[in-house]
Amino acid sequence: MIEILNPTLLARARGTGALVADILQTLKSRSTIGTNLLDIDRWAKAMIVEAGATSCYVDYEPSFGRGPFGHYICTAVNDAVLHGRPYDYTLADGDLLTLDLAVSQGGVAADAAISFLVGDAKPPESVAMISATERALAAGIAAAGPGARIGDISHAIGTVLSEAGYPINIEFGGHGIGSTMHQDPHISNTGRPGRGYKLRPGLLLALEPWVMADTAQLVTDADGWTLRSATGCRTAHSEHTIAITNDGAEILTLPKQAQP
């Protein structure tokens, strides 16, 4: 299903996006050396409940997961990249952590992800990989607007990732979003310009470039959810929910400090 939001729902989507951005930044500030992933999950739950919002994850049971996800946020560390199921793990200096959060509020969902390094250690390869996903995300957003096509977004994202030297997996990518978290259209992280669905004002999209340092192959963890790099290499993931407007793409999950 491809859903086009009316102005009332788009206004609600802005509120949901702001909530997701705020929760992620709060969790980032609290994710320090010695923090347990299960604590991050508990903090996420508390903030979602306090806001009167609903988790898109806790009861989520798609075909690619094993049973309900059962947690409120995805926490992926180092070689984990997608659908990271929180578990009893204590963060160490230099860990590369990805937080991926989707909530629904007022009948509209928003989805975003951030990758960052914990503590003081800043391995250059990890810094470069995080930067590549952020630049790819910015390129995909710049390519989105009325009259553009999904392939234009995919091509823009893929060009940045390829030029940075990263293999690109096409099993998982961005997606439409609205009254539910995952909708059509699928947005691959590489593609051909001028192809695919034509963007219309009122369309919400979650763009999410992600990479693994030296492979495009994923393996599924024993938890039935967490996807890891097949070689054990590090990974990074950046995501925003955007709204297509008459003037271009509006980022709904932009942190307050990054807003113009």
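Note that the coordinates shown come from a computational prediction; the quantities given were computed from them, not determined experimentally.
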[X]: what forms a side chain to side chain donor-acceptor pair (under 3.5 Å) with it, not counting sequence neighbours?
| X | value |
| --- | --- |
| T190 | none |
| D41 | H71 |
| E239 | none |
| Q183 | E3, T180 |

Below 4.5 Å, heavy atoms only, C-beta onward: do [X] and [Y] meet side chain to side chain?
| X | Y | value |
| --- | --- | --- |
| L117 | P123 | yes |
| T98 | C74 | no |
| K45 | V58 | no |
| Y87 | D223 | no |
| R234 | M129 | yes |
| T32 | T35 | yes |
| I48 | L101 | yes |
| L99 | F116 | yes |

Determine whether a donor-acceptor pair (N or O, by modelled atom type, separation under 3.5 Å) exists between the side chain of [X] and the backbone of [Y].
| X | Y | value |
| --- | --- | --- |
| T241 | T253 | no |
| N189 | E208 | yes |
| S131 | V127 | no |
| T133 | P209 | no |
| S104 | T54 | no |
| D93 | D120 | yes |
| S126 | K122 | no |

Tell me, please, which residues at least two apart from [X] pass salt bridge (charged side-chain N to carboxylate O under 4.0 Å, His left out).
| X | answer |
| --- | --- |
| D214 | none |
| R135 | none |
| D39 | R42 |
| E250 | R14 |

Is there a path of hydrophobic side-chain contacts, each under 4.5 Å between heavy atoms, that joins [X] and [Y]?
| X | Y | result |
| --- | --- | --- |
| L254 | I130 | yes |
| I187 | I4 | yes |
| L37 | I73 | yes |
| V103 | L24 | yes |
| L27 | I114 | yes |

* Structure fact -> Of T235, D79, N78, the one forming a side chain to side chain donor-acceptor pair (under 3.5 Å) with R228 is D79

* **Derivation and outcome, side-chain contact (heavy atoms from CB on, under 4.5 Å), residues T220 and R66** => CA-CA 10 Å; T220 303; R66 190 174 69 207; over 6 Å; no

* To do: Run the numbers on Y89 and D95 for side-chain contact (heavy atoms from CB on, under 4.5 Å), then give the verdict.
  => CA-CA 11 Å; Y89 175 82; D95 274 347; 2.8 Å; yes

If I take atom [atom1] from residue [X] and atom [atom2] from residue [Y], how far apart are they, to the nearest 0.5 angstrom?
| X | Y | atom1 | atom2 | value |
| --- | --- | --- | --- | --- |
| H175 | L207 | NE2 | CG | 9.0 Å |
| I168 | L161 | CD1 | CG | 5.0 Å |
| L205 | D184 | CG | CG | 11.0 Å |

* To do: Using the side-chain hydrogen bond (donor to acceptor under 3.5 Å, both in side chains) rule, collect all pairs that involve residues 149-162, keeping only residues at least two apart or in two chains.
  => none

More than 12 heavy atoms from other groups under 6.0 Å of [atom1] on [X]:
| X | atom1 | answer |
| --- | --- | --- |
| D59 | CG | no |
| I2 | CD1 | yes |
| R192 | CZ | no |

* Go through I244 and R200 one step at a time and tell me if the side-chain contact (heavy atoms from CB on, under 4.5 Å) criterion holds. => CA-CA 6 Å; I244 306 303; R200 297 167 51 193; 6.0 Å; no

Distance-minimising heavy-atom pair for [X] and [Y]:
| X | Y | answer |
| --- | --- | --- |
| L96 | S115 | CD2-CB, 4.1 Å |
| A144 | I242 | CB-CD1, 3.8 Å |
| E134 | S238 | CG-OG, 3.4 Å |
| G94 | A121 | CA-CB, 3.7 Å |
| A148 | A143 | CB-O, 3.4 Å |
| Y166 | A128 | OH-C, 3.7 Å |

* Residues that, via side-chain heavy atoms closer than 4.5 angstrom, fall in one hydrophobic cluster with W210 -> Y57, Y60, F64, F69, V81, L82, F172, M181, M212, L218, W225, L227

* Structure fact -> Connected to L204, directly or through other members, by ILVMFWY side-chain contacts below 4.5 Å are L5, L9, L10, V108, I177, L252

* From CA spacing to verdict: side-chain contact (heavy atoms from CB on, under 4.5 Å), D100, H237 -> CA-CA 9 Å; D100 189 350; H237 176 195; 3.3 Å; yes

* **Pair listing, salt bridge (Lys or Arg N to Asp or Glu O under 4.0 Å) test, anchored in residues 104-114, at least two apart** => none

